[in-house]
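Remarks on the structure that follows.
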Number of protein chains: 2
Amino acid sequence: MTTIKDIAKTAGVSVTTVSRALNGYSDVNEATRKKIMETARQLNYAPNTIARSLVMKKSKTIGLLVSGFIRESVKDNFMLDVLSGANDYISNTDYDVILFNTNSSKQREKTYQQLCRERQVDGVIIQGIKTDDPYLEEIVNGDTPCVLVDIPKMGTKTGYVMTDNVAGAYDAGKHFIDLGHEKIAMINGHNQAFVSKERLEGFEKALSESGLSLVEVMNGDFTEESGRQCLHDLIQQHPEITAVFCASDLMAIGALTALKELGKTSPDDLSIVGYDDILLARYVTPALTTVSQDIHGLGYEAAKMLVGLLNDEKPDKTIIKHELIIRDSSQRFQ
Amino acid sequence: MTTIKDIAKTAGVSVTTVSRALNGYSDVNEATRKKIMETARQLNYAPNTIARSLVMKKSKTIGLLVSGFIRESVKDNFMLDVLSGANDYISNTDYDVILFNTNSSKQREKTYQQLCRERQVDGVIIQGIKTDDPYLEEIVNGDTPCVLVDIPKMGTKTGYVMTDNVAGAYDAGKHFIDLGHEKIAMINGHNQAFVSKERLEGFEKALSESGLSLVEVMNGDFTEESGRQCLHDLIQQHPEITAVFCASDLMAIGALTALKELGKTSPDDLSIVGYDDILLARYVTPALTTVSQDIHGLGYEAAKMLVGLLNDEKPDKTIIKHELIIRDSSQRFQ
DNA sequence: TTGTATGCGTTATCAA
DNA sequence: TTGATAACGCATACAA
């Protein structure tokens, strides 16, 4: 491992000069710079970012929380899409991404702030945690620049990125109403998720504007299996419903499965609208009508905002556009 | 940012003692240790891994190459599944994962070795690069422990993890033969990919054992669109074929699309077998018969091997099991 | 234009 | 059981 010291020695100059030559300072003679560059190349020199970080107090790394980075969450592409979007932006900067796991029991006791400070990341993108996470406040009020995904909280160094869940769910509700449905239910996520409240709110708003109210709200946990369970319960308790709004595509797909198990089909027996527009949505049969979120864009914008924060811009909030994608799982009530 | 120096000052001891107390050395008085621990807690101390790395010459980070981490590769879950698998293993160790981008033009000129040395990673997992990548040799022969995914090359510090592509493709060929097909074609990936050669080899072996030979081999580039293109060309040139083996599920899905565009259906007009068993495979219609690779396991085993290398184990090769998953896109020739 | 000296936060060596 | 002190590789204030 060659260091600037080695270069200095073989080039016959001081480490200071080497450092300045390598970093493109103007106050170094062209001849010596050439010589230094050349010996650096010959010695196959690579700067040690660790050492640089220590003295600069900047690690040029961005932390990305991937708690619960488990197989189920791989299926739901959400976390990976955010990661991919963030990475796409960051790859065009001089930052690198470091993955923070919090699902391992070992690190469970560490707060997000501790993780950040130990690894000395310059900033962090936090996603996939619950609104009542005990360590959330701490990081929001901490001094590590931070961007939250789908959690609307601001701090002096904290901004957030999210989709307008109220409006998205409202569109889903409006869609059902436009199609003439009246017996409508919802399969929501768990109540600790901020998006659950928002989507319920937006959906109910659309119904109430037409003088309707929800027949029932079941609570799943966003997974395919919970969607399946909920639909079974739903049909048993309220066989009259003709339309169901699911707070995630995965739950909607589970609901589709349950429907098949009951010998029924969508959209003939039940119109279903999901949320997220995950990759699978367009490939299942029937293709899922859903509220599309640009999840990749969510990660991209989060990274962009974070890099902005690192350049001393003010914290902000970004709302990513949504769109109702009408496919085959919803149709006019007949 | 409190340091051990601060702790030393307020606890009235030397930094040496603080360091040893915090790291659980035995040669420190219980009383002083208690005091140190307590003040560390009060001062909300978090150790600076950067400083530690510098002196220990170990960063406790593992680099993961995610070159071409683009949206198309998100659709194909391969890279993300490997990432997820690697992360799953690593999250149970005391290593962290750092993502290395090489798709950005800026970093294109840097070799993998340079990336590793600059970030001082203890080891690296390399995936998604071509066999003729000019920088591959360098890293294989370098001194950074390294595990290659799907590239069979060994070095003093380099092992690899892959699936048995020859055997997998052989199974696909055997499947067609068992179903009575005789006019068989293949849509392969590009020739720079090692897996392309392997899959062709295995598939041809199965056919030749039954006295058959391939009607045609088209070369795509593993993407959905290329599969679509290839199938169009194939049908036009060889309308007699009854079965096609695609070297990736994505290409198989593209082929399915092309078939629909031609007003034909699978498996009635054409039996199709894919490769990878990506998530989509079971959700498309018809559900895709494919050779399943445990991609998550590939990443998991790669990480496991790498951590082994970091503990001075010898480089090794691991073959991940494959399995032919028979679904609806293939049927008996009639 | 160049060099000397100092410090970043930590661990390790050695002596007390 | 403890504490000075020197490293690790780099950047920078200051002096020359």
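What you see is a predicted model; the values in this text were computed from it and never measured. Just so we're on the same page: letters track the sequence lines, and every chain starts at 1.
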Whole-Å distance between C/dT1 C1' and A/I36 CD1?
11 Å

Between A/T17 and C/dG3, is there a side-chain N or O to OP1/OP2 distance below 4.0 Å?
yes

Should B/K35 and B/E38 count as an ion pair when the cut-off is N to O under 4.0 Å?
no

Just checking, B/K317 and B/Y160: is the charged tip under 6.0 Å from the six-membered ring centre and within 45° of the axis?
no

When rounded to whole Å, the CD1 to C1' distance for the pair B/I50 and D/dA11 reads 15 Å

Separation of B/K5 atom NZ from C/dC8 atom C1', in whole Å?
9 Å

Do any side-chain nitrogens or oxygens of A/Y45 fall under 4.0 Å of OP1 or OP2 in D/dG9?
no

Answer yes or no: is there a side-chain heavy-atom contact under 4.5 Å between A/K60 and A/Q120?
no

Judged by each residue's nearest nucleotide on DNA chain C, which is more toward the 5′ side, A/A51 or B/N23?
A/A51

Flag the pair A/I295 / A/V82 as yes when at least one side-chain heavy-atom distance between them is below 4.5 Å, and no otherwise.
yes

Taking only the side-chain heavy atoms of A/V55 (C-beta and beyond), determine which of D/dT12, C/dC8, D/dT2 contains the nearest atom.
C/dC8

In whole angstroms, the gap separating C1' of C/dT10 from NZ of B/K60 amounts to 16 Å

When we call it a touch if two heavy atoms are under 4.0 Å apart, what does A/N29 touch: a base, just sugar-phosphate, or nothing?
sugar-phosphate

What nucleotide among D/dG9, C/dG9, D/dA11 has an atom nearest to a side-chain atom of A/K57?
C/dG9

Check the distance between D/dA16's P and A/D27's CG and give it to me in whole angstrom.
18 Å

Carboxylate-amine/guanidinium contact A/D122 A/K58, below 4.0 Å
no

Send over the distance from B/Y25 OH to C/dT13 P, rounded to a whole Å.
9 Å

Using a heavy-atom cut-off of under 4.0 Å over every strand shown, decide if B/N48 touches base, sugar-phosphate, or nothing.
sugar-phosphate

Separation of atom CZ in A/R20 from atom P in D/dG9, rounded to whole Å
21 Å

Under 4.0 Å, heavy atoms only, any strand: does B/T32 hit a base, just the sugar-phosphate, or nothing?
sugar-phosphate

Quick check: on DNA chain D, is the nucleotide nearest B/V28 upstream (toward 5') of the one nearest B/L54, or the reverse? Name the residue that is more 5'.
B/V28

Among C/dG9, C/dG3, C/dT11, the nucleotide that comes nearest once only the side chain of A/S14 is considered:
C/dG3

Let's test your reading of the model: under 3.5 Å, does the base of C/dA12 pair with the side chain of B/T16 as donor and acceptor?
yes

When rounded to whole Å, the CG to C1' distance for the pair B/L22 and C/dG9 reads 13 Å

